[in-house]
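This one's a predicted model, so the numbers in the text were calculated from it and none came from an experiment. Remember, it's 1-based here, ligands and their atoms both numbered in the order they're listed.
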Amino acid sequence: MDPVADSIEVIDPSTEQVITRLPAAGVEHADRAVARAKAAFATWRNVTAGDRATILRRVGVAVEEQAVSLAQLESRNVGKPISDALGEVGMVAATFAYYAGSPERLTGKTIPVPGGVNVTFKEPMGVVGLITPWNFPLAIASWGVAPALAAGNTVVLKPAQLTPLTAIELERIALEAGLPEGVFQVLAGPGSLVGERLVEHPDVAKIGFTGSTEVGKRISIRASETIKRVTLELGGKSANIVFADADLEQAAAAAPGAVFGNAGQDCCARSRILVERSAMDDFLGLFSANVAAMKVGDPMDKATEMGPLITAEHRSKVASFMDDDTTVVARGTAPDGPGFWFAPTVVTPNSPGARAVTEEIFGPIACVLPFDGEEEAISIANDTVYGLSGSIWTENGARALRVARALEAGTLSVNSNWSVRVATPYGGFKQSGIGRALGPDALDYYTELKNVYIATG
Ligand code: TAP
């Protein structure tokens, strides 16, 4: 057996040092995990709602108690600033606490009909396969694991090979919190083996996938062979729309976080900044100064605002967007190697078809574009295959709502760069996905609706 092919080398992207090596799971491991999950479903679905709630609550408390070590691990493995990692781990604890409140509230409806009454139930689906990306490993895992378990399903989670460490910790925490064996398993292995097997496996009832639109399309096709339920949280090319009547200082202060957060490796990154032409010079001056002042460096330093990119290959891909079709108008700083560093960069396009305008960059490059009036802003913002996120900056409340309604995106914010919260639905229009994570609606994507007619004579 080739030891390299059968192991995963986990790297710290800020130092390029190996953190650890793990055995890589393959197709047989996936089959065994699904069989265990199927057996566990027979009992887990009958655990009382109250007991399921208690265990989920305990998982949330344990995550909170171990927040510092989990955040340090996440920060080291992804290269994200420790302050961001702590915030994300806090959200993970809150996600388990939120869905701990749902097993006892998963009620159906009573619908009187001629001759009787209909009763609806939200039934668990069975074995859920979750496939997650490397950018927010623990947070995104929790968005699937917590509602899926709350609804009575069992889960096999395949984290990204690049960043599997915190998901493995979550499995340990869940077992220690009293989750029965087999109810939640983590399998670190390649997407081409473990991921594909979960998608095609006849005993997996549902796939919750978060990742690229390209892989999402493939999963959609493969899952259709067994009519599997699929939720897809995919890529984005979101717009940050700044009207001339906005508080420009506030908009320019928030813009770096909106596009350079997680080094731009964020599906929600507002990577197209649309600025009303009359405010362009003022906004660009303020924004450029803020970009230049960004602290890029050691992820473990509490003052750090941006860390490295995830791999050298990814850095090359990001750098390829700085081509002849773009002009650099502002640039921050970044350390020299080792580490996969890339300075936060602001560009303007030299042509409307520039790749920096049309494609998801997934790195710290912001593309600034002018617009004239509301209609053009909406038209540019919607001119993309994606529809995940976006922001609107204006002091005119009616305009804010008008534009928000016209944008083809699932998760928007007004006068803020943040719209992802545990209690509210999150997901995309168009090629940004199918279904919603978080909030009360996520449970609908982990349950089957059953209707029972009772004749009353
Ligand atoms: P992908 O390359 O799509 O990988 C995501 C996951 O899918 C990984 O675990 C990967 O496994 C697995 N995978 C790869 N090929 C597969 C296949 N054929 N069948 C089944 N699973 C397979 O994405 P990424 O590079 O990790 O993440 C970046 C992308 O995710 C961006 O486009 C970003 O916008 C998107 N994203 C979206 C969201 C939401 S919520 N909309 C959130 C975060 C990220 P391995 O890589 O381990 O082999």
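The part of I140 lying near ligand 1 is the side chain, judged by heavy-atom distances below 4.0 Å. Here T210 has heavy atoms under 4.0 Å from ligand 1 in both its backbone and its side chain. Contacts between F209 and ligand 1, counted as non-hydrogen atom pairs separated by less than 4.0 Å, involve the side chain only. At a 4.0 Å heavy-atom cut-off, ligand 1 touches L388 through the side chain alone. Within the 4.0 Å heavy-atom criterion, the part of R218 lying near ligand 1 is the side chain and not the backbone.
Protein heavy atom in closest approach to atom 37 (C) of ligand 1: L234 O, 3.0 Å. Given atom 34 (O) of ligand 1, the protein heavy atom at minimum distance is E360 OE2, 2.6 Å. The protein non-hydrogen atom at the shortest distance from atom 19 (N) of ligand 1 is G191 O, 3.5 Å. Atom 3 (O) of ligand 1 has its closest protein heavy atom at S212 OG, 2.6 Å. Looking only at heavy atoms of the protein, atom 27 (O) of ligand 1 is closest to P133 CB, 3.5 Å. The protein heavy-atom contact nearest to atom 38 (C) of ligand 1 is C267 SG, 2.9 Å. Ranking protein heavy atoms by distance to atom 11 (O) of ligand 1, first place goes to K158 NZ, 3.1 Å. Of all protein heavy atoms, the one lying nearest to atom 8 (C) of ligand 1 is T132 O, 3.3 Å.
Considering backbone and side-chain atoms alike, S432 places every N or O at 3.5 Å or more from each N or O of ligand 1. Of the N or O atoms in T213, none lie within a sub-3.5 Å distance of an N or O in ligand 1.
Taking the ring centroids of Y426 and W143, they lie under the 6.0 Å cut-off. You'll find the ring centres of F371 and F243 inside the 6.0 Å limit.
Near Y426, the atoms of ligand 1 lying under 4.0 angstrom from a non-hydrogen atom of the residue are 39 (C), 40 (S). Applying the 4.0 Å criterion to heavy atoms of N135 picks out, from ligand 1, the atoms 43 (C), 44 (C). Proximity to A160 (heavy-atom distance under 4.0 Å) selects the following atoms of ligand 1: 9 (O), 47 (O). Against a heavy-atom cut-off of under 4.0 Å, E233 is close to the following atoms of ligand 1: 37 (C), 38 (C), 39 (C), 40 (S), 41 (N). The ligand atoms of ligand 1 that sit less than 4.0 angstrom from a heavy atom of W134 are 24 (P), 25 (O), 26 (O), 27 (O). Taking a cut-off of under 4.0 Å to the non-hydrogen atoms of I131, the atoms of ligand 1 that pass are 6 (C), 7 (O), 9 (O), 12 (C), 20 (C), 21 (N).
Salt bridge status for R45 with E123: present, with a side-chain N to carboxylate O gap under 4.0 Å.
Ligand 1 has F362 within reach: a non-hydrogen atom of the residue lies less than 4.0 Å from it.
Across H314, R222, Q161, heavy-atom proximity to atom 46 (O) of ligand 1 is greatest for Q161. The nearest non-hydrogen atom to atom 35 (C) of ligand 1, considering only G235, A167, G427, G211, comes from G211. Among V215, T231, T411, the residue whose heavy atom lies closest to atom 16 (C) of ligand 1 is V215.
Side-chain atoms of T424 come within 3.5 Å of backbone atoms of R421 as a donor-acceptor pair (strictly under, hydrogens ignored).
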>> Checking I219 against I131 for the side-chain contact (heavy atoms from CB on, under 4.5 Å) test, could you report, in this order, the C-alpha distance in whole Å, the side-chain angles of both residues, the deciding distance, and whether it holds?
In response: CA-CA 10 Å; I219 286 177; I131 302 172; 4.2 Å; yes

>> What verdict does the side-chain contact (heavy atoms from CB on, under 4.5 Å) test give for S419 and L412, after you've listed the backbone C-alpha separation in whole Å, the side-chain angles of each residue and the deciding distance to 0.1 Å?
In response: CA-CA 6 Å; S419 43; L412 297 164; 5.8 Å; no

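More than 12 heavy atoms of other residues, nucleotides or ligands shown are found within 6.0 angstrom of CD on E200. The neighbour count for K38 NZ, taken as heavy atoms of other residues, nucleotides or ligands under 6.0 Å away, does not exceed 12.
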